[in-house]
Amino acid sequence: MAIVCEHRCRMGTVETVRIAKRTGFCYGVREAIDKAKESAAGGKATHTLGQVVHNEGVIQNLLDFGVRSVESLDDVDNGAAVVIRAHGVKPEVFERAEDRGLEVIDGTCTWVIAEQRQLRELVAEGYTIVLLGTPKHPEVVGLLGFAPDAIVVDEEADWVNIPRRKRMALISQSTQPPWKFEKLAAFMVNRSHELKIVNTVCPVTIRRQEDTVEAAREVDLMVVVGGRSSANTKELTRLCGIVGTPAIQIEHAPDLNDPSVFDGKKVVGVTGGTSTPIEDLRDVAERVLAMAGTPTVAARAVELAREALASAATPAGRTTSLPSTRPDQLPTQTQTHGAA
Ligand code: SF4
């Protein structure tokens, strides 16, 4: 219960906010964003093919650098640079871009490139391929360019439609939950004589889930930040529930309008999907502290949110994009970054 003072004003109960470790952009997203910014900073007209992430702040930040997202190669001016985002694309897209004389900057995540290579090999080896993934997700659309006959399955209810074949292979979209992949693998064992399992669930996704579960065990409520349709974000929310910690999922800090959600909560955790910038987690932490913190905590919301961010973003797992996120502070030389 919230404490209501004699003037009927609400007094919050939150004492601490903890940001889960190793959050922020995954290395694939970060690299694609950095490549786009570096191209634009070099004076090249630069576009991204599709939004690099569905996050207004990131899209605006890229626009500040002069990077515009386009839905089709037809929208890119001749001679301009086009950045392929981390999800990757079908091979035909590269061919079309080259035919148009565009400079293609390949931001496909190295993990996704490995998936594409694996699919090509499975096709050459004659396997009937089952791909666990969300059918219209851009990564899956791109992967199908390497294995057009692959059978895409998502929800468990659809698995009975998987045909029985002598030689089958199972592979996954990078951000699928590991438990789902394992369950489908077990399901497929008796649908084929030979089953090849290629586990392409991304390690960053797995680590993110582990760190979220660890954080959820130590707090009274979790706030999960990420795109409404992001599969890996929804999975984080689900995992908090499994641990027994209530969780709310939001896209960004302004979505938090109702302080009563935090009534009686002392310790609140914050985590985010692989496309959520870590700065958004800091903003969420600040909003929670300001709107639902005890009077002393609320008064120090900015400082405490900054501290929560500092203890989450360790140097070994740096999670921000370029050190400077403003074009006027862009470094003069290309910088290299370690993986998340
Ligand atoms: S989630 Fe993993 S595979 Fe997907 S872009 Fe990020 S690092 Fe790459």
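Positions are given from 1, in the same order as the sequence printed here. Keep in mind that the numbers below use all heavy atoms, side chains included, and drop hydrogens, waters and symmetry copies. Note that ligands are numbered from 1 as they come in the structure, with each ligand's atoms numbered from 1 the same way.
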J.: Which of the protein's N, O or S atoms come within less than 2.8 Å of atom 6 (Fe) of ligand 1, not counting waters?
T.: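 Protein N, O or S atoms closer than 2.8 Å to atom 6 (Fe) of ligand 1: C26 SG.
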J.: Identify the heavy atoms of V17 and A285 that sit nearest to each other, and give their distance.
T.: CG1-CB, 3.6 Å
J.: Please enumerate all residues that pass salt bridge (Lys or Arg N to Asp or Glu O under 4.0 Å) together with E303, with sequence neighbours excluded.
T.: R300
J.: What residues, two or more places apart in sequence or in another chain, satisfy salt bridge (Lys or Arg N to Asp or Glu O under 4.0 Å) together with R228?
T.: E251
J.: Nearest heavy-atom pair of N199 and W111: which atoms, and what distance?
T.: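 For N199 versus W111, the nearest heavy atoms are O-CZ2, 4.5 Å.
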J.: Tell me, with the steps shown, if V153 and V130 meet side-chain contact (heavy atoms from CB on, under 4.5 Å).
T.: CA-CA 7 Å; V153 292; V130 172; 3.7 Å; yes
J.: Restricting to side chain to side chain donor-acceptor pair (under 3.5 Å), what partner residues turn up for K180, sequence neighbours left out?
T.: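 Partners of K180 by the side chain to side chain donor-acceptor pair (under 3.5 Å) criterion, ordered by chain and then number, come out as D154.
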